[in-house]
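Computed over heavy atoms, backbone and side chain alike; hydrogens, waters and symmetry mates excluded.
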Amino acid sequence: LQETEVPADPMRGWSLDVDSLSIDDVDVTYVNPEGGIVQARLDALTAALRWDESTELRAKGEYQAVPLALEVEAGSIATLLADATAWPVDLWLRFAESEARLGLKLTARPGSLQLNEIEARGGEGAELAGWLGLANTGGRPSVRGDLQLGAIDLSPRLELAEALDPDTADEAPVSERRASTEGPGPVMVFLDTLETFDTDLKLSIERLSGAGPPLEDVAIELKVAGGALDFPISLTAAGVPLEGTLGLDRSGGKPHAAFALGTSAPFRVDELGAYLVPNANWQGDFQELRVDLEGTGESLREFLLSLRVALVARGARLSYGFESPVPVGVERVDVVLEERGPISVRARAELLGEALRLDLSAGTVDAWLGGKGWPLHLEAAGAGADIDLEGEARGRMVRGTFEVDAQLRVEGERLSRLEPWLGELPVADASYALRARLERTPELF
């Protein structure tokens with residue numbers, strides 16, 4: 001044909017109709033390398049693909065003896081080929097006792113695919129809306145989107161996941177495979193993977209419950225660019241407003257991680273206290289809580305040795321108990337760990353109306369990981385008492401082999417100063433001194 005004879009629409013006059021496609025009675029059994037068995041069954045699958053009418057697919061079967069059903073209805077093939085900018089897709093899924101529906105408009109262009117006007121609803125009333133886009137530019141894929149979720153209760157989903165797990169803690173065999181010590185570690189492999197794609201995803205969740213403390217107003221972003229990951233998050237957990245971020249990149253050719261999490265405003269502790277210690281009746285307010293953590297290293301040990309940590313708690317006016325609530329105040333608590341340096345704790349607080357000061361210095365992470373002697377030195381003062389504890393810890397706590405050998409000294413001028421803490425004493429005006437040796441081994445204290 002001459003150029004002028006090429007039809008404007010190469011598909012004009014063409015059509016393809018598949019009135020009925022069906023597959024029945026298919027059983028699949030999979031045994032994974034650890035010996036777990038996964039079984040699935042397809043009872044029936046029917047599909048219809050018509051040129052000028054909607055495309056339909058229906059399937060039902062079982063997965064791990066849990067019934068499931070799927071229905072998909074989409075626009076016509078002619079519409080998709082003529083204008084792939086708003087192709088409708090509707091999906092219905094029933095899994096066990098849960099049911100979900102999803103609707104969207106699909107936009108396809110060379111090198112990109114976008115899901116617009118996403119609307120979904122789960123069986124427990126969970127709702128999802130937003131958009132999601134996939135693109136490939138110069139061989140580099142990218143994912144972008146903005147999704148909003150309503151209230152979600154994870155309890156039924158956790159129960160279902162446990163029911164579908166082919167292995168249990170008692171039955172799962174121990175794999176004899178061992179990880180190779182050759183080649184890059186998993187974190188380096190993950191960083192190499194980050195070099196291959198970009199993301200800019202946003203997810204908002206109105207409320208999340210059923211797994212840990214209730215979470216509200218959750219806002220999560222996942223950003224990957226240039227091989228670095230940035231993961232900002234904000235939420236309210238059991239009434240505590242939090243903001244934080246997790247960053248992962250390279251520093252000197254090694255993985256570098258930084259984590260920060262803190263309160264974004266003063267908060268009441270009532271809801272958090274009821275969740276953590278239901279029978280203590282914690283009440284009061286807190287001004288600030290914050291933790292910052294940063295480290296560099298390819299192995300876990302190298303990362304821990306380079307770790308820098310700063311934790312701050314400030315401005316608490318609290319009480320606990322029911323009939324006679326006990327007042328507790330926290331002026332400021334600082335926990336500091338410098339790279340390869342000792343851990344130090346500095347606290348200024350108030351207990352039952354008496355000021356309390358505490359300063360603790362301890363050993364390094366290197367000594368603790370190596371099971372070496374870990375020096376401890378505690379100085380405290382409150383209610384007229386001077387407290388001094390000095391000694392050494394040895395062994396490894398995670399293995400239950402740690403030991404402590406320390407000297408304790410407590411002394412003061414007037415026993416009556418201790419009455420807010422100990423109650424009425426028979427010799428209130430006497431001075432006092434206590435010296436003791438504290439020893440802890442795996443066999444005794």
Side-chain angles (χ1 to χ4, degrees), residues 98 121-129 147-162 202-222 231-246 259-293 309-335 345-356 358 420-421:
S98 299
R121 179 180 291 273
E124 291 82 24
E127 297 181 351
L128 171 70
L147 300 172
Q148 301 90 43
L149 275 166
I152 301 176
D153 182 2
L154 292 177
S155 303
R157 293 165 177 80
L158 295 176
E159 293 171 3
L160 178 61
E162 184 176 351
K202 298 179 181 180
L203 174 64
S204 303
I205 305 175
E206 180 182 336
R207 182 177 175 85
L208 189 63
S209 60
L215 307 180
E216 296 179 324
D217 302 324
V218 181
I220 302 171
E221 295 185 57
L222 177 61
F231 190 74
I233 183 170
S234 65
L235 55 91
T236 299
V240 182
L242 297 170
E243 288 183 349
T245 184
L246 170 65
F259 172 75
L261 182 67
T263 52
S264 57
F267 62 93
R268 297 282 302 175
V269 302
D270 310 25
E271 186 178 348
L272 180 63
Y275 173 77
L276 295 177
V277 194
N279 298 320
N281 190 34
W282 277 98
Q283 302 286 326
D285 56 78
F286 232 113
Q287 292 296 312
E288 180 185 16
L289 283 174
R290 183 169 187 83
V291 61
D292 292 277
L293 181 152
V309 179
L311 183 149
V312 175
R314 182 180 65 84
R317 306 299 302 177
L318 311 172
S319 68
Y320 67 91
F322 291 90
E323 294 184 1
S324 300
V326 178
V328 178
V330 177
E331 178 184 334
R332 187 179 180 94
V333 176
D334 292 277
V335 180
V345 180
R346 183 175 184 270
R348 301 293 182 267
E350 184 179 295
L351 177 61
L352 290 171
E354 291 285 346
L356 179 65
L358 182 147
W421 293 356

* Asked: E206: what forms a salt bridge (Lys or Arg N to Asp or Glu O under 4.0 Å) with it, not counting sequence neighbours?
  -> none
* Asked: Between E350 and P327, is any pair of side-chain heavy atoms under 4.5 Å apart?
  -> no
* Report yes if the side chains of L149 and L203 come closer than 4.5 Å at any heavy-atom pair, otherwise no. => yes
* **Taking every non-hydrogen atom, the tightest pair across F267 and P241** => CB-CD, 3.5 Å
* Asked: Can you check whether L318 reaches V269 side chain to side chain, under 4.5 Å on heavy atoms?
  -> yes
* Asked: How far apart are the closest heavy atoms of P420 and E354, and which atoms are they?
  -> CG-OE2, 3.9 Å
* Asked: Taking atom CG of L352 and atom OG of S319, what is their separation to the nearest 0.5 Å?
  -> 11.0 Å
* **Reported CG-to-CG distance for the pair L235 and L242, which is rounded to 0.5 angstrom** => 5.5 Å
* **S209 side chain to P214 backbone, donor-acceptor under 3.5 Å** => no
* Structure fact -> Nearest heavy-atom approach of R317 to G329 is NH1-CA, 4.1 Å
* Asked: How many angstroms lie between CZ in R348 and CG in L356, if you round to the nearest 0.5 Å?
  -> 9.0 Å
* Asked: Step by step, would you call R332 with V312 a side-chain contact (heavy atoms from CB on, under 4.5 Å)?
  -> CA-CA 7 Å; R332 187 179 180 94; V312 175; 3.9 Å; yes
* **Over 12 foreign heavy atoms within 6.0 Å of CZ, R268** => yes
* Structure fact -> Sorted by chain and residue number, the side chain to side chain contact (heavy atoms under 4.5 Å, CB included) partners of Q148 (sequence neighbours excluded) come out as A129, D146, S204
* Asked: Which atom names give the shortest non-hydrogen contact between A347 and V333, and what distance separates them?
  -> CB-CG2, 3.9 Å
* Partners passing salt bridge (Lys or Arg N to Asp or Glu O under 4.0 Å) against E331 (at least two apart in sequence or in another chain) -> none
* Taking all non-hydrogen atoms of both residues into account, name the closest pair between E271 and G239 and its distance. => OE1-N, 3.5 Å
* Does any N or O in the side chain of D270 come within less than 3.5 Å of the main-chain N or O of Q283, such that one atom is a donor and the other an acceptor? -> no
* Which heavy atom of P266 sits nearest a heavy atom of Q287, and at what distance? -> CG-OE1, 3.6 Å
* Where do F286 and L272 land on the side-chain contact (heavy atoms from CB on, under 4.5 Å) test, with the steps shown first? -> CA-CA 11 Å; F286 232 113; L272 180 63; over 6 Å; no
* Asked: CG of L246 to CG of L222: how many Å apart, nearest 0.5 Å?
  -> 10.0 Å
* To do: Determine, step by step, whether D334 and L311 satisfy the side-chain contact (heavy atoms from CB on, under 4.5 Å) criterion, reporting the C-alpha distance in whole Å, the side-chain angles of both residues, the deciding distance to 0.1 Å, and the verdict.
  => CA-CA 6 Å; D334 292 277; L311 183 149; over 6 Å; no
* **Straight-line distance of I152 CD1 to I205 CD1, nearest 0.5 Å** => 5.0 Å
